[in-house]
Amino acid sequence: MLDIRFIRSRPDIVRADLKKRGDTEKLEWVDDLLKKDVRARELKIETDALRQRRNTIAREINTARKAGQDVTVLLAEAADLPGKIRDNETEQEMIADAIRAYQMRLPNILHESVPVGKDDTENVEIKREGRVRTFDFELQNHGQLAVERGWADFERATKISGAGFYFLKSSLVLLDLALQRFAIDLLAQKGYTPVIPPYMINRSSYEGVTDLGDFEKVMYKIDGDDVYLIATSEHPIGAMYKGEIFETKDLPLRLAGISPCFRREIGAHGLDTKGLFRVHQFTKVEQFVFCRPEDSWEIHEELLANAEEMYRKLEIPYRVVNICTGDIGTVAAKKYDIEAWMPRENTYKEVVSCSNCTSYQAVRLNIKVRDKSNFESKQHVHTLNSTAVATSRVMRAILENFQNKEGLVEIPKILRPYMNDQEYL
RNA sequence: GCUGAGGUAGUCUAGCGGUAGGGCGCAGGCCUGGAAAGCCUGUGGUGCGAAAGUGCCUCGGGGGUUCAAUUCCCCCCCUCAGCGCCA
């Protein structure tokens with residue numbers, strides 16, 4: 001969320017950003033929020049004065065009693081104070097809740113390079129990489145191919161868990177693990193520390209890292225407990241340092257999260273109905289960085305470069321798009337997607353999402369950095385996250401891009417050391 | 001799940017109705033040719049103030065009693081130890 005002090009001092013920036021997003025209904029929120037903020041501070045001054053009087057009088061009563069003096073006048077005054085204080089506190093709480101509710105719903109301030117657009121059709125392509133293969137035969141649907149070869153079982157998974165689930169078997173299990181290990185090794189070599197997080201986290205931690213709407217749309221709640229299944233390791237890793245202060249020397253902190261990801265929302269159907277593209281559960285290796293505010297834009301490019309390197313090495317053609325205002329959501333200040341070439345559909349489809357969340361998550365989570373040379377000054381850190389590999393989607397890309405006429409699937413060379421040096425699945 | 005002990009500022013620890021004290025760490029200052037040691041100050045959140053300052057809040061969380069709660073009462077959460085169950 002946005003720091004109240006930032007909103008207070010630069011409401012012009014907040015308003016301009018909402019206009020850029022076309023989110024004009026929230027302009028009124030800013031006005032109302034600023035009004036409530038003024039009232040909140042008036043109330044604080046009043047209430048603090050009442051509390052000061054209460055504290056003083058309590059001490060006076062104590063001193064007078066010890067001196068054996070009469071305290072009835074003091075007690076009479078003191079008796080009125082708690083009620084007055086309580087009335088003020090009630091109003092203060094109401095206003096604080098209202099301000100917080102606005103803050104939780106106001107989106108992050110966008111980077112100037114974010115293109116204006118109404119929805120995902122207006123995202124801006126930045127580049128294309130890789131050689132797109134041509135096929136002189138009809139490609140098989142990756143899901144059907146996987147079932148025929150005994151690499152996946154969707155029907156039995158549907159029987160026991162519902163649509164959107166799958167059993168992975170034999171070669172695809174090894175491929176899944178190979179992709180994870182490839183990604184971890186590549187990131188570890190670049191200074192990222194691998195992390196396996198808890199797969200369930202509680203609501204208050206979750207509110208720090210995600211959009212409120214996600215609780216209804218995306219997350220699975222565990223019945224009877226205050227915990228949710230994680231939708232990505234970004235969430236537990238972001239919340240990991242909640243309420244903490246980093247030393248400058250400890251930043252940037254580069255982490256590589258490895259976890260299953262659970263998502264209720266699986267969206268559109270069509271070609272993807274049966275298969276590995278839109279599923280309720282998949283495994284993902286994720287890059288996550290905590291850094292000083294001045295470093296985040298450079299690191300955002302680093303995360304994208306790392307992700308691109310993976311797809312180049314996997315020999316999967318891709319393009320990079322700059323996500324527009326209508327598609328970016330509330331948390332990120334700028335977001336790139338990498339879309340892998342899916343030859344059967346003749347189109348690029350999302351496999352990586354790479355975001356600079358600037359201080360938006362850090363403000364909610366209260367994560368700061370302290371500079372040793374200026375001990376008193378603390379700033380909120382910036383957080384960034386980017387997919388390295390979401391194994392289900394990359395497996396689909398491999399099953400399609402590396403298929404041959406005989407229905408065999410070649411294993412990308414970079415993965416073969418992780419696959420007992422096999423050439424084909 | 002049961003029993004017991006705990007939760008005090010970055011960390012350790014005292015206080016157990018009347019302004020939360022000390023050790024360590026860290027930051028700054030004095031001292032020094034430089035350092036160490038020693039000594040002094042500071043250390044979380046927030047309000048007012050140009051600043052110097054000054055006030056309020058903070059003893060796991062929430063209620064209650066009281067002029068006044070870290071302290072007394074009630075509910076909840078978490079940690080540790082032992083026992084039980086368990087891959």
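Predicted model only: the values in this text are computed from it and were never measured. Letters A, B, ... are given to chains in the order of the sequence lines, protein chains preceding strands, and every chain is numbered from 1.
Contacts of A/R86 with the nucleic acid, taken as non-hydrogen atoms under 4.0 Å apart, involve only primed sugar atoms and P, OP1 or OP2. Note on A/R53: nothing from the nucleic acid sits closer than 4.0 angstrom, heavy atoms only. Using a 4.0 Å heavy-atom cutoff across all strands shown, A/R8 reaches sugar-phosphate atoms only and no base atom.
The partner of B/U19 is absent, by the rule that a Watson-Crick or G-U pair needs both atom distances under 3.5 Å. Of all nucleotides present, none satisfies the Watson-Crick or G-U wobble test against B/C85 with each distance under 3.5 Å. Across the strands present, B/C72 finds its partner in B/G64; the criterion is a Watson-Crick or G-U wobble pair with both atom distances under 3.5 angstrom. The base-pairing partner of B/U32, taking Watson-Crick or G-U wobble contacts with both distances under 3.5 Å, does not exist among the strands shown. B/A9: no Watson-Crick or G-U partner with both key distances under 3.5 Å is found in any strand. Searching all strands for a Watson-Crick or G-U wobble partner of B/U43 with both distances below 3.5 Å returns B/G25. The base-pairing partner of B/A37, taking Watson-Crick or G-U wobble contacts with both distances under 3.5 Å, does not exist among the strands shown.
Rounded to whole Å, the separation between the P atoms of B/U8 and B/G15 comes to 14 Å. Comparing the P positions of B/U13 and B/G84 gives a spacing of 29 Å, expressed to the nearest Å. Using atom P as the reference point in both B/A14 and B/A50, the two lie 45 Å apart (nearest Å). Straight-line distance between the C1' atoms of B/A69 and B/G63: roughly 13 Å, to the nearest whole Å. Comparing the P positions of B/G25 and B/G33 gives an interatomic distance of 26 Å, to the nearest angstrom. On the P atoms, B/G44 is 35 Å away from B/C76, given to the nearest whole Å. B/G28 and B/A36 have their P atoms separated by 11 Å, with the value rounded to a whole Å. Using P as the reference atom, B/C24 and B/C39 are 9 Å apart when rounded to the nearest Å.
Separating the OH atom of A/Y241 from the C1' atom of B/G10 is a distance of 16 Å, rounded to the nearest angstrom. One interatomic measurement links the two molecules: CG of A/N88 to P of B/G55, which rounds to 20 Å at whole-angstrom precision. The nearest whole Å value for the distance from the CG atom in A/L81 to the C1' atom in B/C67 is 8 Å. Spacing between atom CD of A/E247 and atom P of B/U11 amounts to 13 Å, rounded to whole angstrom units. Distance A/D37 CG to B/C48 C1': 14 Å, rounded to the nearest Å. Atom NZ in A/K44 sits roughly 13 Å away from atom C1' in B/U54 (whole-Å rounding). Going from atom CD of A/E93 over to atom P of B/C56 covers 19 Å, rounded to whole Å. To the nearest angstrom, P of B/U46 lies 20 Å from CD of A/Q52.
Comparing atom distances between the A/R5 side chain and each of B/C56, B/C67, B/U46 picks out B/U46 as nearest. Closest approach to the A/P82 side chain among B/C67, B/U19, B/C57 is made by B/C67 (side chain taken as heavy atoms from C-beta onward).
Nearer to the 5' terminus of RNA chain B, by closest-nucleotide assignment, is the contact made by A/K368 (compared with the other of A/R65 and A/K368). Residue whose closest nucleotide on RNA chain B sits further toward the 5' end, between A/I45 and A/A58: A/A58.
Remark: the A/D48 side chain and the B/G55 base include a donor-acceptor N/O pair separated by less than 3.5 Å.
In this structure, A/H300 has its ring center under 6.0 Å from that of A/Y336. Annotation: A/F262 is not in aromatic contact with A/H280 [ring centroid separation under 6.0 Å not met]. Here A/F165 and A/F167 keep their ring centres 6.0 angstrom or further from each other.
Under the 6.0 Å distance and 45° angle rule, A/R181 does not count as a cation-pi partner of A/Y418.
Using a 4.0 Å cut-off between charged nitrogen and carboxylate oxygen, A/E89 and A/R86 do not count as a salt-bridge pair. A/D17 and A/R21 are joined by a salt bridge, as a carboxylate oxygen and a charged side-chain nitrogen come within less than 4.0 angstrom of each other.
Using a 3.5 Å distance cut-off with no hydrogens or angles, the side chains of A/Q180 and A/D176 do pair a donor with an acceptor.
Dashed line: the shortest gap from a side-chain N or O of A/R54 to OP1 or OP2 of B/C57 is under 4.0 Å. In terms of phosphate contacts, A/N62 brings no side-chain nitrogen or oxygen within less than 4.0 Å of OP1 or OP2 of B/G17.
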